[in-house]
2 protein chains.
Amino acid sequence: MKASMTMIEPNGHFCSDCAVRGIAVCASLDPAELKEFEHLGRRVHFGAGETVFSEEDITTSFYNLLEGVMRLYKLLPDGRRQIVGFALPGDFLGMNTSGRHNFSADAIGAVTVCQFAKAPFGRFMEGRPHLLKRINELAIRELSQARDHMVLLGRRSADEKVATFLLGWRERLVSLKGSSNTVPLPMSRQDIADYLGLTIETVSRTFTKLERHGAIEIIHGGISLRDPARVEALAAA
Amino acid sequence: MKASMTMIEPNGHFCSDCAVRGIAVCASLDPAELKEFEHLGRRVHFGAGETVFSEEDITTSFYNLLEGVMRLYKLLPDGRRQIVGFALPGDFLGMNTSGRHNFSADAIGAVTVCQFAKAPFGRFMEGRPHLLKRINELAIRELSQARDHMVLLGRRSADEKVATFLLGWRERLVSLKGSSNTVPLPMSRQDIADYLGLTIETVSRTFTKLERHGAIEIIHGGISLRDPARVEALAAA
DNA sequence: CGGGAACTTGAGTATGGTCAATACAAGTGG
DNA sequence: CCACTTGTATTGACCATACTCAAGTTCCCG
């Protein structure tokens, strides 16, 4: 949304040192392949609120998120927004069958991605079925998450939505940074609302309600789970 | 739901004659591969309401839908149901990363599937990256559909949901059987409600409203689009 | 400090849900 | 062939959850 702070680092980085080496698509590559792969990607930084790619844009690149959080969303013509997911380090973005992106992606806070031009990436993948297999696995896992989210959007109450979101978000952070009852929420209330199919007011009220009941504590930039069991009960599986 | 009418046909069928040959996963196979592939799949029939597989079941097979319509759904512990999709001929079901199905699948009406045991299918796929690529394409396309559906569930009104569903369902049938303003709806109102995140009453009321406004005509086992433009306007993109 | 964005809180309302009655269609058996 | 059952769909009356609109608060950043 802001003026572009995009910066391309011209000199290479080493994939072997990469923070997401073990969890991203590149986890499927052996050291020799990694050496070659290194030349395909460019590290690119984005500032808070910047758009990395937009829905309907022709796909020229794929992206491997290295650092930061992104919101992935779709807009209706009248401006209503549905956030279809939040991306965290290790997530691979940009695959599609139509040649165009089917959602938009913004940086929430500062973000670093590893950007791959589509054609060379495709060529590299030819003859490396283990990479394709890895990408397929990630796609299938995402599909499973998407279905879970459909259940949330279609069949859960506001309280359940918020509680489920907090637990699910914590779970994702746990697998990246280890366990903690302090859950940072880098996204805005509006982002959370658009993710859960609610309004910002309902999200705010529900947070306050959870706090009044002693289930959470609202802290700066996030929440603290004071009574995880109670939140789990509210999430109702 | 009924007593099982499952029937396994012992003698082989010919993939080359298969109705979904050109649109299913097998579209990626050449005639020689197809000959081999033929021995992997078994045609299995299911009667109306029968469950083909259930969420949390250990995955032992994959399924290629040949004939009929299936509902794919998830249940909450208290029984609330979200239908995450309807499967039509050509759809490939059962892929997952956890070793367990992540949704349940019922036959709506009579159904024929081509069933593949997981292990032999996996072995066949090894060394045939074009098949893996095909499966990946299908997964990515489904992911895109899933995201569209999230927008519908999270951000659309009841009227928009119903109108969007009718148009989307027609579109899918068009690509299978050709264009028509008569749209068969083999699924029940309850199924439609659970797909759209509504109640059966709201779906029924909305159908009636669309009919009163001259947009559709409710016919036995489906609807007829009397004023497609008006339905499109209601779908609001 | 002052201005602005993000968030919270309140009051009133609308959309879609709940509960209940009725209609309709298809199948079963006398 | 008709009474009866069963399951599905429609319609109505009422209600609750979450939305809208509006004001007020907090926090950050210049």
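Because the structure is predicted, anything quoted here is derived from the model rather than measured. Below, chain A is the first sequence line, B the second, and so on; all start at residue 1. When reading the values below, keep in mind they use all heavy atoms of this one structure, side chains included, and skip hydrogens, waters and symmetry mates.
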Query raised in the report: Which part of the nucleic acid does A:S204 contact within heavy-atom distance under 4.0 Å: base, sugar-phosphate only, or nothing?
Result: base
Query - Closest to side chain of A:T202, choosing from D:dT10, D:dC19, C:dC7 - result: D:dC19
Query raised in the report: In the 5'-to-3' direction, what one-character label does each nucleotide of nucleotides 21-29 of chain D receive under the scheme B = base within less than 4.0 Å of a protein heavy atom, S = sugar-phosphate only, - = no such atom?
Result: B-----SS-
Query raised in the report: NA contact type, A:G221, heavy-atom cut-off 4.0 Å: base, sugar-phosphate, or nothing?
Result: nothing
Query - Parallel, tilted or perpendicular, as decided by the 30° and 60° cut-offs, for the rings of B:F116 and B:F92 - result: tilted
Requested in this report: Nearest 0.5 Å please: distance from the CG atom of A:L210 over to the CG atom of A:L234.
Outcome: 6.0 Å
Report summary line: Closest of C:dG17, D:dA18, C:dT9 to the A:T208 side chain is C:dT9
Query raised in the report: Base, sugar-phosphate alone, or nothing: which one does A:S188 contact when heavy atoms must sit under 4.0 Å apart?
Result: sugar-phosphate
Query raised in the report: Parallel, tilted or perpendicular for A:F53 and A:H101, by the 30°/60° rule?
Result: parallel
Requested in this report: Kindly point out which of D:dC19, C:dG17, C:dG16 is positioned nearest to the side chain of B:S157?
Outcome: C:dG16
Query raised in the report: 5'-most contact on DNA chain D: B:M187 or B:R155, nearest heavy atom basis?
Result: B:M187
Report summary line: Rounded to whole Å, the NZ-P distance (B:K161 to C:dG17) equals 7 Å
Query raised in the report: Got more than 12 heavy atoms from elsewhere within 6.0 Å of CD, B:E67?
Result: no
**Report entry** B:F103 ring center within less than 6.0 Å of B:Y73 ring center
**Finding:** no
